[in-house]
Amino acid sequence: MVRANGAVSLRELARVVQTSEVTVRRDVRALEAEGLLDRRHGGAVLPGGFTRESGFPQKSHLATAEKTAIADLAAGLVEEGEAIVVGAGTTTQELARRLARVPGLTVVTNSLLVAQALAHANRVEVVMTGGTLRGSNYALVGSGAEQSLQGLRVSRAFLSGSGLTAERGLSTSNMLSASVDRALVQAAAEVVVLADHTKLGTDTMFQTVPTDVITRLVTDEPPQHDDRAATELQALADQGVQIAVAGPGAVGPGGDAVPPGRQPRRDMPLPGQRRTHPGGPGGGAPLRSAGSLADQSGPAERERARVADLRRR
């Protein structure tokens with residue numbers, strides 16, 4: 001499966017071979033010892049180290065259910081009439097498919113896949129950067145893309161990447177992609193990172209978004225045995241990142257029910273980890289529930305709260 005797709009998740013492997021993830025993890029460890037693959041948090045990839053990056057066909061087969069749940073939850077952050085930027089990636093492509101229903105939205109992107117997902121949304125305006133096409137992920141990169149973003153200002157940037165750690169923040173394996181992502185961040189008042197649990201604790205070559213610049217992380221619930229991912233989430237929260245976890249059995253940002261199989265989870269217990277609260281021990285940001293992403297007050301109150309938050313930052 002790794003040779004065919006370039007990457008695979010442990011959950012998918014366990015489902016295909018009809019065994020437990022514990023058994024799959026043991027076998028993957030043995031295959032890594034033979035040099036046949038490299039383990040990643042929640043999955044495995046072809047050998048290659050920090051500089052290797054899977055192409056779109058490979059990435060599209062990894063953690064598909066998780067990406068769908070993350071996109072459902074992240075879409076609840078976007079309001080009518082907003083202007084946002086959306087970076088390249090398979091998770092952001094899933095987000096774009098849901099944004100097609102938001103009227104009056106303006107989306108700036110360097111991703112052909114994001115633009116394609118919004119191409120027939122007659123109430124959404126799509127603005128594409130210039131640049132050179134990078135075929136492996138269907139993204140526009142280079143100086144043309146970066147220059148087209150100069151002077152731009154939007155409310156939020158939605159970005160994905162190859163890895164996320166509390167120490168370095170979001171990172172990717174390609175220098176050109178990292179440079180454009182940094183330009184997208186500069187254009188936004190808030191930065192929302194979309195990263196499934198397989199990317200938590202993974203560190204790749206080029207930093208795109210430092211941890212202290214990330215406003216929110218939307219992710220899925222790590223497996224119960226994945227203490228490292230849970231620890232990484234707590235470390236991100238301790239540094240002030242607002243965290244929302246997508247999973248079964250909860251309501252969406254506006255309090256509405258989300259279809260089964262695409263439900264954001266309200267809370268995520270971290271094995272062996274404490275929760276922090278503003279002003280409490282640790283001084284970190286609390287883990288955010290799905291429902292807390294959307295303030296229940298009116299638009300004016302939300303705007304005042306957002307401005308106050310930006311001033312504090």
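Computed from a predicted model, the values in this text were never measured in an experiment. For the numbers below, each heavy atom of this structure counts, side chains included, while hydrogens, waters and symmetry mates do not.
Cluster membership for V127 and L152, using ILVMFWY side-chain heavy atoms within less than 4.5 angstrom, is shared. Hydrophobic clustering keeps L31 apart from V22 (ILVMFWY residues linked when any side-chain heavy atoms are closer than 4.5 Å, directly or through intermediates).
T90 OG1 to K67 NZ: the interatomic distance, rounded to the nearest 0.5 Å, is 3.0 Å. Taking OG from S9 and NE2 from H197, the interatomic distance works out to 6.5 Å, rounded to the nearest 0.5 Å. The OG1 atom of T109 sits 10.5 Å away from the CG atom of L99 when rounded to the nearest 0.5 Å. The CG atom of L73 sits 12.5 Å away from the OG1 atom of T68 when rounded to the nearest 0.5 Å. Taken to the nearest 0.5 Å, the CG atom of L105 stands 7.5 Å off from the CG atom of L118. Atoms CG and CG, from L164 and L170 in turn, are 6.0 Å apart once rounded to the nearest 0.5 Å.
Annotation for T129 and L140: closest pair O-CD1, 3.1 Å, computed over non-hydrogen atoms. Listed here is the closest heavy atom pair of D203 and S171: OD1-OG, 3.8 Å. For the residue pair P103 and R123, the shortest heavy atom distance occurs at CB-NH1, 3.7 Å. The two residues E221 and V245 come nearest to each other via the heavy atoms N-CG1, 3.4 Å. Scanning all heavy atoms of the two residues, the minimum distance from G130 to S148 falls at N-OG, 3.4 Å. Taking each heavy atom of R156 and L77 in turn, the nearest pair found is NH1-O, 3.3 Å.
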Walk me through it: do V28 and L13 pass the test side-chain contact (heavy atoms from CB on, under 4.5 Å)?
CA-CA 10 Å; V28 166; L13 281 173; 4.1 Å; yes
What's the verdict on salt bridge (Lys or Arg N to Asp or Glu O under 4.0 Å) for R11 and D220, showing C-alpha distance, side-chain angles and the deciding distance?
CA-CA 13 Å; R11 287 178 180 174; D220 64 294; 3.7 Å; yes
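Side-chain N or O atoms of S111 include none that pairs as donor or acceptor with a backbone N or O of A88 at under 3.5 Å. Side chain of T202 to backbone of G163: no donor-acceptor contact under 3.5 angstrom is found. Of the possible donor and acceptor atoms, one in the side chain of T219 sits under 3.5 Å from a partner among the backbone N and O of A195. Without hydrogens or angle criteria, S160 side chain to L194 main chain gives a donor-acceptor distance under 3.5 Å. Not a single donor-acceptor pair under 3.5 Å links the side chain of Q239 to the backbone N or O of D212. Between the side chain of T165 and the main chain of G201, no donor-acceptor pair closer than 3.5 Å is present.
When each of I84, V114, V126, L149 is checked for a side chain to side chain contact (heavy atoms under 4.5 Å, CB included) with V108, only L149 meets the rule.
For T172 and N174, the side-chain atoms include no donor-acceptor pair closer than 3.5 Å. For the 3.5 Å distance criterion, the side chains of T211 and R168 fail to qualify, holding no donor opposite an acceptor. S162 and T204 share no side-chain donor-acceptor pair at under 3.5 Å.
Contact of the V17 side chain with the V24 side chain is registered, since non-hydrogen atoms from C-beta on lie closer than 4.5 Å. Residues Q234 and D238 are in side-chain contact: their nearest non-hydrogen atoms beyond the backbone lie under 4.5 Å apart. In this structure, the side chains of L159 and T92 stay at 4.5 Å or more apart for every pair of heavy atoms. Side-chain contact check for V85 versus V107: every heavy-atom pair is 4.5 Å or farther apart. Put simply, the side chain of F158 does not reach to within 4.5 Å of the side chain of T91, judged on heavy atoms.
Evaluation of the side-chain hydrogen bond (donor to acceptor under 3.5 Å, both in side chains) rule for E94 yields R97, R98 as partners, not counting sequence neighbours.
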Could you pull out all donor-acceptor pairs under 3.5 Å where a side-chain atom in residues 179-189 meets a protein atom, sequence neighbours excluded?
from : atom 1 : to   : atom 2 : distance (Å)
S179 : OG     : E146 : OE1    : 3.1
S179 : OG     : E146 : OE2    : 2.7
R182 : NH1    : Q207 : O      : 2.4

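Counting non-hydrogen atoms of other residues, nucleotides and ligands closer than 6.0 Å to CD of E32 gives a total above 12.
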